[in-house]
Amino acid sequence: QVQVVESGGGLVQPGGSLRLSCAASGSAVRVYDMAWCRQAPGKQHELVAHITTNSSANIVDSVKGRFTISRDNAKNTVYLQMNSLKPEDTAVYYCNAGLSTSSGTYLPRYWGQGTQVTVSS
């Protein structure tokens, strides 16, 4: 069983920045693809950023140019750097570990509890 724990959420003003961290148990970060998803009130989960075991990253269009995903295998940690935050980025952000199919579809398997990000003045 892989445990995933997020941290770094909080309240930030529009235009501000936050860095979310995701610590995974054992060597999960080396073995699994990692991703950040978010869920805003009344909306479905949205895959925001995904990074493969060889550090190939994909960012959803709505945050491209503002969010960056990275991994530190030595620390078993994945990060989501969020800049130029907007009120519509307000959501619970979840980290997960999973695998990608041969066609490139990411399938999350292990989820964290989530961390709240609120963008408001």
Side-chain angles (χ1 to χ4, degrees):
Q1 183 74 15
V2 174
Q3 293 185 335
V4 178
V5 179
E6 306 95 337
S7 61
L11 173 64
V12 63
Q13 292 187 342
S17 298
L18 280 176
R19 188 177 79 158
L20 305 182
S21 298
C22 170
S25 61
S27 59
V29 170
R30 298 183 184 88
V31 173
Y32 289 95
D33 289 0
M34 303 292 293
W36 288 93
C37 299
R38 66 185 180 185
Q39 186 172 28
K43 295 187 177 181
Q44 293 185 338
H45 273 100
E46 175 188 30
L47 178 63
V48 175
H50 164 239
I51 188 166
T52 65
T53 53
N54 62 2
S55 295
S56 176
N58 294 289
I59 307 290
V60 70
D61 286 345
S62 60
V63 304
K64 193 169 292 184
R66 300 188 296 121
F67 289 15
T68 303
I69 187 171
S70 61
R71 65 194 302 154
D72 186 335
N73 288 347
K75 295 182 178 180
N76 293 318
T77 301
V78 175
Y79 304 97
L80 184 68
Q81 178 67 44
M82 305 186 294
N83 299 325
S84 301
L85 283 161
K86 304 176 181 180
E88 51 263 43
D89 295 319
T90 295
V92 178
Y93 283 72
Y94 298 90
C95 179
N96 51 67
L99 298 171
S100 294
T101 66
S102 58
S103 60
T105 301
Y106 174 67
L107 302 175
R109 183 171 181 180
Y110 303 102
W111 290 76
Q113 294 299 308
T115 184
Q116 176 70 47
V117 171
T118 302
V119 184
S120 175
S121 55

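These numbers come from the heavy atoms of this one structure, side chains and all, not from hydrogens, waters or symmetry mates. This is a predicted model, so every value here is computed, not measured.
Both I59 and I51 sit in one connected hydrophobic cluster of ILVMFWY residues. Membership requires side-chain heavy atoms under 4.5 Å apart, directly or through other members. Put simply, I69 and W111 are part of two different groups of oily side chains (I, L, V, M, F, W, Y) that touch within less than 4.5 Å, one to the next. Using a 4.5 Å cut-off between side-chain heavy atoms of Ile, Leu, Val, Met, Phe, Trp and Tyr, with links allowed through other members, V117 and L11 fall into different hydrophobic clusters. In this structure, V5 is not a member of the same hydrophobic cluster as W36, with clusters built from ILVMFWY side-chain heavy atoms closer than 4.5 Å. The hydrophobic clustering, which links ILVMFWY residues whose side-chain heavy atoms are closer than 4.5 Å, places L18 and Y79 apart.
In this structure the side chain of C22 reaches within 4.5 angstrom of the side chain of V4, judged on heavy atoms.
Residue pairs meeting the ring pair (Phe, Tyr, Trp, His ring centres under 6.0 Å) criterion with at least one partner in residues 50-75, sequence neighbours excluded, are H50-Y106.
Residue R30 qualifies as enclosed at atom CZ: its count of foreign heavy atoms under 6.0 Å is above 12. Other residues, nucleotides and ligands contribute more than 12 heavy atoms inside 6.0 Å of the CD atom of E88.
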Discussion item. Apply side chain to side chain donor-acceptor pair (under 3.5 Å) to residues S56 and N54 and explain how you reach the verdict.
Written reply: CA-CA 6 Å; S56 176; N54 62 2; 4.9 Å; no
Under the criterion side-chain contact (heavy atoms from CB on, under 4.5 Å), I'd like the reasoning laid out for R38 against D89: C-alpha separation, chi angles, the key distance, then a yes or no. CA-CA 9 Å; R38 66 185 180 185; D89 295 319; 3.0 Å; yes
- What do the steps show when you test S120 against T118 for side chain to side chain donor-acceptor pair (under 3.5 Å), and what is the final call? CA-CA 6 Å; S120 175; T118 302; over 6 Å; no
Given S7 and T115, is the side-chain contact (heavy atoms from CB on, under 4.5 Å) satisfied, shown in steps?
CA-CA 6 Å; S7 61; T115 184; 5.9 Å; no
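Across all non-hydrogen atoms, the minimal contact from Y32 to L99 is CD2-CD2, 3.8 Å. For the pair C37 and H45, the tightest heavy-atom approach, listed with the atom from each and the gap, is CB-CD2, 4.4 Å.
Taking CG from N96 and CG from L107, the interatomic distance works out to 10.5 Å, rounded to the nearest 0.5 Å. To the nearest 0.5 Å, the span separating CZ on R66 from CD on Q81 amounts to 12.0 Å. We find the OG1-CE distance between T68 and M82 to be 11.0 Å, quoted to the nearest 0.5 Å. Summarising the geometry, atom OG belonging to S84 is positioned 8.0 Å from atom NZ belonging to K86; distances are rounded to the nearest 0.5 Å. Summarising the geometry, atom CZ belonging to R19 is positioned 10.5 Å from atom CG belonging to L80; distances are rounded to the nearest 0.5 Å. If you take CD on E46 and OH on Y93, they are separated by 8.0 Å, rounding to the nearest 0.5 Å.
In terms of modelled atom types and a separation under 3.5 Å, the side chain of Q113 and the main chain of E6 share no donor-acceptor contact. A distance-only check finds a donor-acceptor pair linking the side chain of T90 to the backbone of V119 [under 3.5 Å]. D33 places a side-chain N or O within 3.5 Å of a backbone atom of T53 that can act as its donor or acceptor partner.
A salt bridge links K64 with D61: at least one charged nitrogen is closer than 4.0 Å to a carboxylate oxygen.
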